[in-house]
Every structure is written in structure tokens, then in C-alpha cells.
Amino acid sequence: EFSWALRGMPCIGGAISRDIKQSIIPFLDQLDESAKEVNSVNTVVRTGSILKGYNTDAMGFQAAVETGLARIANVEVKSVVVYGYGGVTNVAAYIMKQLGKVVYITGRREEMVRAKATELGIEVWTKDIQPDMFINAAPVTNQPLTETTNFLDALVGCKVVFDHELNGKCLIEYCQENKIEFISGMEMYTPQMVAQWKLFLHNNINTSTNNSTDSNAMIDLDELFKNL
């Protein structure tokens, strides 16, 4: 129904926040390479009768991680462990491999973890492995971390944390108490949105930023709506 609506309405495309990021794929005409790799679409651009799927979550995540790690100059990250086995894990694993990092995965249910590891071509984390960075890709950080299987075991010893959960107060508090560098999931959303609107407007958009990967990049809204 989403793809039919885009084809039937005079629109530039559509954004997908959840639920149909994978199921929409068979109804599109084309896929960007990153969307193919992560098997997930969050942005559909209409050009004439053609619908093309993109994944700007990947662009936003990469911008947030690169900006965050550049800010933390005294920490070298060679390996990461991703907690979770949903669509965010696909994005995180793809980008971190692109950045040359060794990627491991863990989560609450071992069978789901192993299935996702096989799907993504990454290794399952075990307690004898000490990654440099912990990436949370599950909605679990607003509750006591001790209640989530394997979470603290994988987190202990990591130097940097990225939390996709926007208000993961329990993880924020843990990082503050243990002096772990923290990158908020909020840092991916502005660059993700900028990338999305650049696609919608075929790059005909200005941003008031000195660095295109800066998580504080702001869209010139007057310019944006003038082009709609």
C-alpha cells in the first residue's frame, strides 16, 4: 500500500520509520547499493514512475560514529561488539566493516544471535573476546542493565559506547560512572535527515555546516521548502 500510494500521489518519495523497511523492497524498482547490503530501506525516492530505495540510516550512523571517534582522539577502535539482532544491527555491522573494524555480535537469545551472525558474515562474541567499542542496537537501555542477558558481560572493558536508543538513561549513567566515552544515537539523526532530503531534492539543498558529516548539520529550511 505504501508503494502504491507513492506511485499514485504527486510526491517526491517517502520516509519509512519502522515495520516495512524490509517488506517494501519487492515493491520497488531499484535499490541503492547500501540498501542492498543491509537489506533495509528507510527512504524511497520517486523519479517519474521509478521508485528507488535507499538507506540513509547507514549514512547517519557512519557520520555519527566517525564524528564521535574523531572527537575521542585518545581511543583507538579496532573491534566492536553489536548488541541486538534487528535491522539496526544490519546497519551497524555493515558500516563498521566498511570502516575496517572487526565486528562481533551478541544478544539475549543465542539462536537469534547465531542466525544474524551467519546472515551478516560476522563472529559471535564470547567472553574471552575484548572489543574496543560497544554498539547497542536494542531497546533495552532504559531499564537496569543487569536485567538484559549478556549486556554487561559484553560491555565491561569497552572504551567507547554508541547507543541507538535515544534516551537510554541506564547506559548513559553506567558510562559516566565508569568513564567510558559515549556517543548518543541522537548524533545520527540530523545527518540522516540531511542525507534523506538531499536524495528527495536530488542534491539541490544547502546545509549550514562546515563539515558534511557533522552531527550538528542543519538544513536551510527556507531553501528546502522553496524546492518542494
Side-chain angles (χ1 to χ4, degrees), residues 17-18 21 38 40 42 55-96 99 101-109 112-113 116 122 125 127 129-196 209 211 213-218:
S17 60
R18 62 179 203 175
K21 288 186 177 183
V38 301
S40 178
N42 78 319
N55 192 300
T56 61
D57 286 336
M59 302 174 194
F61 176 77
Q62 181 171 349
V65 168
E66 288 184 327
T67 301
L69 292 180
R71 187 172 64 237
I72 307 167
N74 61 330
V75 174
E76 183 178 12
V77 172
K78 295 182 178 180
S79 60
V80 304
V81 56
V82 183
Y83 190 94
Y85 30 72
V88 177
T89 297
N90 291 36
V91 169
Y94 170 68
I95 292 300
M96 297 312 288
L99 295 177
K101 314 304 181 185
V102 178
V103 181
Y104 302 96
I105 182 174
T106 190
R108 285 172 286 191
R109 296 172 55 188
M112 297 291 288
V113 169
K116 183 61 72 170
I122 57 180
W125 172 85
K127 290 185 179 180
I129 296 171
Q130 178 57 73
D132 301 308
M133 182 174 180
F134 182 96
I135 297 173
N136 177 51
V140 297
T141 53
N142 272 317
Q143 63 193 41
L145 305 183
T146 53
E147 295 180 3
T148 304
T149 305
N150 291 328
F151 196 95
L152 278 179
D153 287 339
L155 174 58
V156 170
C158 290
K159 306 167 188 173
V160 184
V161 165
F162 174 92
D163 190 8
H164 184 266
E165 186 81 347
L166 295 186
N167 298 305
K169 62 179 182 179
C170 292
L171 182 53
I172 292 172
E173 290 171 359
Y174 180 90
C175 290
Q176 290 172 342
E177 291 168 2
N178 292 277
K179 295 181 172 54
I180 300 172
E181 301 287 354
F182 183 81
I183 303 172
S184 169
M186 285 294 294
E187 296 189 41
M188 72 178 278
Y189 286 102
T190 295
Q192 184 275 134
M193 182 176 66
V194 170
Q196 198 168 57
T209 176
N211 183 342
T213 63
D214 189 342
S215 63
N216 294 315
M218 294 297 294

**Student:** Closest heavy-atom contact between V81 and A154?
**Tutor:**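 Heavy atoms of V81 and A154 come nearest at CG1-O, 4.1 Å.
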
**Student:** For the atom pair CD (E181) and CZ (R71), what is the distance rounded to the nearest 0.5 Å?
**Tutor:** 8.0 Å

**Student:** Taking all non-hydrogen atoms of both residues, which atom of P144 and which atom of C170 are closest, and how far apart?
**Tutor:**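 Nearest heavy atoms, P144 then C170: N-SG, 3.9 Å.
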
**Student:** Quick one: OH on Y104 to CZ on F134, what's the gap to the nearest 0.5 Å?
**Tutor:** 15.0 Å

**Student:** Please list all pairs passing the side-chain hydrogen bond (donor to acceptor under 3.5 Å, both in side chains) test where one or both residues lie in residues 138-148, with sequence neighbours left out.
**Tutor:**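 Pairs touching residues 138-148 that pass the test: T141-D163, Q143-T148.
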
**Student:** Verify side chain to side chain contact (heavy atoms under 4.5 Å, CB included) between M133 and M96, making sure each step is shown before the conclusion.
**Tutor:** CA-CA 11 Å; M133 182 174 180; M96 297 312 288; 4.2 Å; yes

**Student:** So, taking the atom named OG1 in T89 and the one named CG in N136, what distance separates them when rounded to the nearest 0.5 Å?
**Tutor:**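 Nearest 0.5 Å value for the OG1-CG distance: 8.5 Å.
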
**Student:** A side-chain contact here means heavy atoms from C-beta on lying under 4.5 Å apart; do V75 and L69 qualify?
**Tutor:** no

**Student:** Please list, chain by chain and in numerical order, all residues satisfying salt bridge (Lys or Arg N to Asp or Glu O under 4.0 Å) with K127, sequence neighbours excluded.
**Tutor:**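 For K127, the residues satisfying salt bridge (Lys or Arg N to Asp or Glu O under 4.0 Å) (neighbours in sequence not counted) are D153.
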
**Student:** Is there a side-chain contact between V65 and I95 (heavy atoms, below 4.5 Å)?
**Tutor:**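 Counting from C-beta outward, V65 and I95 never come under 4.5 Å.
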
**Student:** For N150 and G107, indicate whether the former's side chain and the latter's backbone hold a donor-acceptor pair under 3.5 Å.
**Tutor:**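 Yes; at least one donor-acceptor contact below 3.5 Å.
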
**Student:** From T67 OG1 over to I72 CD1, what is the distance, rounded to the nearest 0.5 angstrom?
**Tutor:**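 Answer for the OG1-CD1 pair, T67 versus I72, is 11.0 Å.
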
**Student:** Please report the interatomic distance CD(E187) to CZ(F61), rounded to the nearest 0.5 Å.
**Tutor:**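 Spacing of CD (E187) from CZ (F61) equals 11.5 Å.
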
**Student:** Side chain to side chain contact (heavy atoms under 4.5 Å, CB included) for E165 and V140? Distances and angles first, verdict last.
**Tutor:** CA-CA 8 Å; E165 186 81 347; V140 297; over 6 Å; no

**Student:** Grab the two heavy atoms, one from Q130 and one from V156, that are nearest each other, plus how far apart they are.
**Tutor:**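 That would be OE1-O, 3.2 Å.
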
**Student:** Closest approach of Q62 and L99, non-hydrogen atoms and distance?
**Tutor:**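 Smallest heavy-atom distance, with atoms named: NE2-CD2, 3.9 Å.
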
**Student:** Measure the spacing between CD1 of I122 and CD1 of I105 and express it to the nearest 0.5 Å.
**Tutor:** 4.5 Å

**Student:** May I ask you to test the K78-P131 pair for a side-chain heavy-atom distance under 4.5 Å?
**Tutor:**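 The answer is no; the side chains never approach within 4.5 Å.
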
**Student:** Would you mind listing every ring-ring contact (aromatic ring centres under 6.0 Å, His included) that reaches into residues 76-96, with sequence neighbours excluded?
**Tutor:** Y83-F151

**Student:** Does D132 reach the main-chain N or O of K159 with its side chain, forming a donor-acceptor pair under 3.5 Å?
**Tutor:** no

**Student:** Looking at every heavy atom in both F162 and S184, which two are closest together, and how far apart are they?
**Tutor:** CE1-O, 3.8 Å

